[in-house]
Amino acid sequence: MIICAAAGMRVVLAGLPSIDLLEDYTPSLSTKVFDKDNQLIAEFTVERRALIPLDQIPKNMQNAVLAMEDDDFYNHWGISPLGIIRAALSDLRYGRAKQGASTITQQLSKNLFLSPEKKIIRKLREIIISMQIESQFSKKEILQLYLNQIYFGEGAYGVQEASKRYFSKRIDQLTLADCALLAAMIAAPTRFTPFGHADRAQTRRAAVLYRMKDVGYITREEYEAARKEPLPLEKTPIVQTKAPYFVEYVRRQLEPKYGVDTLWKGGLKIYTTLDLNAQLAAEEIMSRSLEKLDESVQQEIAEKIKNSVSGAETCKKVVSACAPDDPDCVEKTVDCSSAAVSTSSFKLQGAFLAMDIKTGALRMMIGGRDYSETQFNRTTQALRQPGSTFKPFVWMSALMNGYTAASLVNDSPMTFYFDGRNWRLFDDSSGMFAMDLATQAFTGDKEFKIWVPGNYDGKVMGQITLRRGLELSRNLVSIYLIDKLGPTVVVATARRAGIGHKMAPVLSLGLGTNAVTMLDMVNAFATFANSGIKVEPYAIDRVLDNTGKVLEQNIPTESEQFSPQQAFLITNLMRGVVEQGTAMGARALGRPLAGKTGTSQDHRDLWFIGSTPDMTAAGWVGYDDFSSIESKDWTGGGTVVPWWTEIMQTALKDTPVRDFTVPDGITFVQIDPRTGKLALPTTRRKFLEAFIKGTEPRSFSEIDD
């Protein structure tokens, strides 16, 4: 008999967990993500739980649980012998472990260390662990652990989360009736929930109140008053993730650093750079605007289908026009009607990103129209052609290499030929006759290639100032400058500004044929607006553990990439794009703004990127499958600028209006924009242009108005 008992005890003790783990026990806690103003954005959680000291838990809550679950808690030593005997007799009667009769300590033992299965061996282990816990921990410590980890249903663990979920209250605001209802649900949360089982919940709550009265925790008057209180009728909504693309961007940075368990169960507090109020407004504005654009696309498609019979002869095929040095562009032939049908089943996508130019803090991030449909973040993950938004890097390269805003540049026809290694400009390509004459010798040579670039409007303006070339986004001026400066110079400028993705040093750089991310473009434009100082974009301000210890804190990093004078000049040129160029719609913002529109080849991407002295933001519209946008009349200026401007009006409404700082070493002179020279007293259309001192024109215009 002794041998059998010893063998049985050995089986019971085998694999028994050490309660020393309880000393450092930390239950699974929700990690909370906050915006820059400490507003809750989202939670990373597997269980909704919060820790709270016992002295902050209302006495009524403690007493309600004790009355219903273990009224002899402060007297027993972890188990109730009478309860165990009663349960054992019941188990013998039914031939299996059926009745619980567990004390609070036993429930804690089972929940923390054992499986929920009902076996006699598990019950014996539960008793042993409970006695060990009682010998090493005080009653208050045990009750505190129990109240913080017990499940109340609806995804709420612990009294703090249950208080918020069922009553939308802080725990110190709970009434006696509230406490009784929570205690009532411990035995079977699903069965006694007030949401769907109000009658059962009412009866069970009354039983808790009666038991509290019976053991002397409350008076009869308190009992009667609490019974009459109404039950909660609606669940408090669980915090839904706001700004989901931004939250996922944060998760991707922190999860590899801290691990899945710490991020999702560690109760971290993550304070971010997001402006939640501006973010929510931006999401609504962009969504509404893209819906209208979708409607316009569908109307155009319907019109084309309607006219397809009569217009079949003239709208048979369209050939995409690729730049000759663009390795990513594939020329294709498509049928007009089939193209219309192919895009009709897709919704336009959009993206928006805003950054504080002084610190690099990301204030708004919209990675797409609907996170539930696609989690692909178009602000950080998508590589898209920036179109003419890339031109400022060409113009900045020119400013750094002897050009001024008043320099005259060629907006003239040009033809390039490929000599087997490089693309070279024909010496004289100003006329079709000269071009034909020059290429006749190569007729029939398969290796011979020519490229005849053009402007968006198909026209040329001859010699114009560098300023006017950017304001009107002249492709030929861009190609002229790159040919003079060298593509590698432009690539170096873009990289200094903040473009991190690989760029091919080709003549079509200024047309935006190299794919980039929106984040890089915003970072680079911010460098110009920030007096040539590049800051690193960041989304996480600081991370705290569940005790309040700071685990990490961002310190903005910055480096000077361009002189303040050079940065001011390019910013001043981009102000002209808004004031009298392709982005005039953005003047509605009502504050100093420098920006650039962009439309990529074949109308696959529409952009606008703009900077105020405080913030740089980018907006983009396109199709995920790189289809051409149906309306060839759409541009970044006419399509993106309106909703970009509306978003920024909301985001900056509380930001004082201020101008870009003019650094030392800048001088302003009146010029004749037709010649780039000093204006005469009689010049009617004078323009006050900015120059680095010593580079301003010295001669007067020969044109006299």
Side-chain angles (χ1 to χ4, degrees), residues 48-49 52 54-76 80 82-83 86-87 99-108 110-111 139-140 142-236:
R48 297 194 173 277
R49 187 200 304 267
I52 187 168
L54 187 65
D55 59 10
Q56 293 182 23
I57 299 174
K59 200 66 178 177
N60 279 333
M61 186 71 243
Q62 299 178 42
N63 289 339
V65 171
L66 292 174
M68 209 61 183
E69 298 295 322
D70 189 357
D71 61 358
D72 199 37
F73 173 72
Y74 282 104
N75 299 317
H76 64 61
S80 170
L82 290 177
R86 185 171 61 251
Q99 190 166 328
S102 296
T103 65
I104 280 177
T105 313
Q106 285 176 267
Q107 292 182 49
L108 187 65
K110 177 181 67 177
N111 291 339
K139 289 290 186 178
K140 287 185 177 181
I142 295 169
L143 183 58
Q144 176 177 294
L145 272 172
Y146 178 82
L147 291 174
N148 275 294
Q149 66 85 35
I150 199 68
Y151 184 57
F152 288 91
E154 299 293 339
Y157 288 80
V159 291
Q160 175 84 310
E161 286 298 314
S163 175
K164 290 191 291 185
R165 186 68 173 128
Y166 286 95
F167 308 107
S168 298
K169 295 178 180 178
R170 299 193 312 270
I171 194 166
D172 60 353
Q173 296 175 321
L174 293 179
T175 66
L176 171 59
D178 297 337
C179 295
L181 178 61
L182 293 181
M185 289 187 290
I186 291 176
T190 303
R191 178 177 174 79
F192 297 120
T193 176
F195 310 133
H197 299 293
D199 291 343
R200 291 179 191 168
Q202 186 95 16
T203 301
R204 181 73 174 176
R205 185 183 70 174
V208 174
L209 290 168
Y210 184 84
R211 183 64 182 157
M212 292 179 73
K213 176 182 72 68
D214 196 43
V215 296
Y217 289 144
I218 61 174
T219 65
R220 184 171 186 82
E221 290 74 20
E222 289 173 319
Y223 163 74
E224 294 292 349
R227 282 189 62 186
K228 296 175 183 177
E229 281 195 29
L231 294 172
L233 300 177
E234 295 183 358
K235 303 176 186 179
T236 302

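Taking both residues in full, the closest heavy atoms of Pro194 and Met185 are given as CD-SD, 3.8 Å, listed atom of the first, atom of the second, then distance. For the residue pair Pro58 and Ile171, the shortest heavy atom distance occurs at CG-O, 3.2 Å. When all heavy atoms of Arg205 and Leu181 are compared, the pair lying nearest together is CG-N, 3.8 Å. Nearest heavy atoms, Ile57 versus Gln62: O-NE2, 3.0 Å. When every heavy atom of Asn148 is checked against every heavy atom of Gln144, the shortest pair comes out as ND2-O, 2.9 Å. Smallest separation of non-hydrogen atoms from His197 and Arg191: CB-O, 3.6 Å.
If you check the side chains of Asn60 and Asn63, you find no donor sitting under 3.5 Å from an acceptor.
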Which atom pairs, donor and acceptor, lie under 3.5 Å between side-chain atoms of residues 224-235 and protein residues at least two apart or in another chain?
unit_1, atom_1, unit_2, atom_2, d
Arg227, NH1, Tyr223, OH, 3.1
Glu229, OE1, Thr175, OG1, 3.2
Lys235, NZ, Glu154, OE1, 3.3

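At distances below 3.5 Å, not a single donor-acceptor pair connects side-chain atoms of Ser102 with backbone N or O atoms of Gln107. Side-chain atoms of Gln149 never come within 3.5 Å of backbone atoms of Gly158 as a donor-acceptor pair (strictly under, hydrogens ignored). With hydrogens and angles disregarded, no donor-acceptor distance shorter than 3.5 Å links the side chain of Glu69 to the backbone of Leu66. With hydrogens and angles disregarded, no donor-acceptor distance shorter than 3.5 Å links the side chain of Gln202 to the backbone of Asp199.
Contacts of Lys140 classified as side-chain hydrogen bond (donor to acceptor under 3.5 Å, both in side chains), with partners at least two apart in sequence or in another chain: none.
How far CG of Asp71 is from CE of Met212: 12.0 Å, rounded to the nearest 0.5 Å. Between the CG atom of Leu54 and the CG atom of Leu145 there is a distance of 10.0 Å, given to the nearest 0.5 Å. Here the NZ-CG distance, from Lys139 to Asn75, works out to 7.5 Å after rounding to the nearest 0.5 Å. To the nearest 0.5 Å, the span separating CG on Leu176 from OH on Tyr217 amounts to 13.0 Å. Atoms OG and CG, from Ser163 and Leu182 in turn, are 7.0 Å apart once rounded to the nearest 0.5 Å.
Atom CZ of Phe167 has more than 12 neighbouring heavy atoms from other residues, nucleotides or ligands inside a 6.0 Å radius. Counting non-hydrogen atoms of neighbouring residues, nucleotides and ligands closer than 6.0 angstrom, the CG atom of Asp55 exceeds 12 such neighbours.
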For this session: Dump the intermediate steps for side chain to side chain contact (heavy atoms under 4.5 Å, CB included) on Leu143 and Leu147, then the final yes or no.
Result: CA-CA 6 Å; Leu143 183 58; Leu147 291 174; 3.9 Å; yes
For this session: Begin from the C-alpha positions of His76 and Thr105 and carry the test side chain to side chain contact (heavy atoms under 4.5 Å, CB included) through to its verdict.
Result: CA-CA 10 Å; His76 64 61; Thr105 313; 4.0 Å; yes
For this session: Evaluate the side chain to side chain contact (heavy atoms under 4.5 Å, CB included) criterion for residues Asp70 and Val65: first the C-alpha distance (whole Å), next the side-chain angles of each, then the deciding distance (0.1 Å), finally the verdict.
Result: CA-CA 7 Å; Asp70 189 357; Val65 171; over 6 Å; no
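For the side-chain contact (heavy atoms from CB on, under 4.5 Å) with Ile186, the lone residue among Phe152, Tyr151, Phe192 that qualifies is Phe152.
The closest side-chain heavy-atom distance from Lys169 to Lys164 is not below 4.5 Å.
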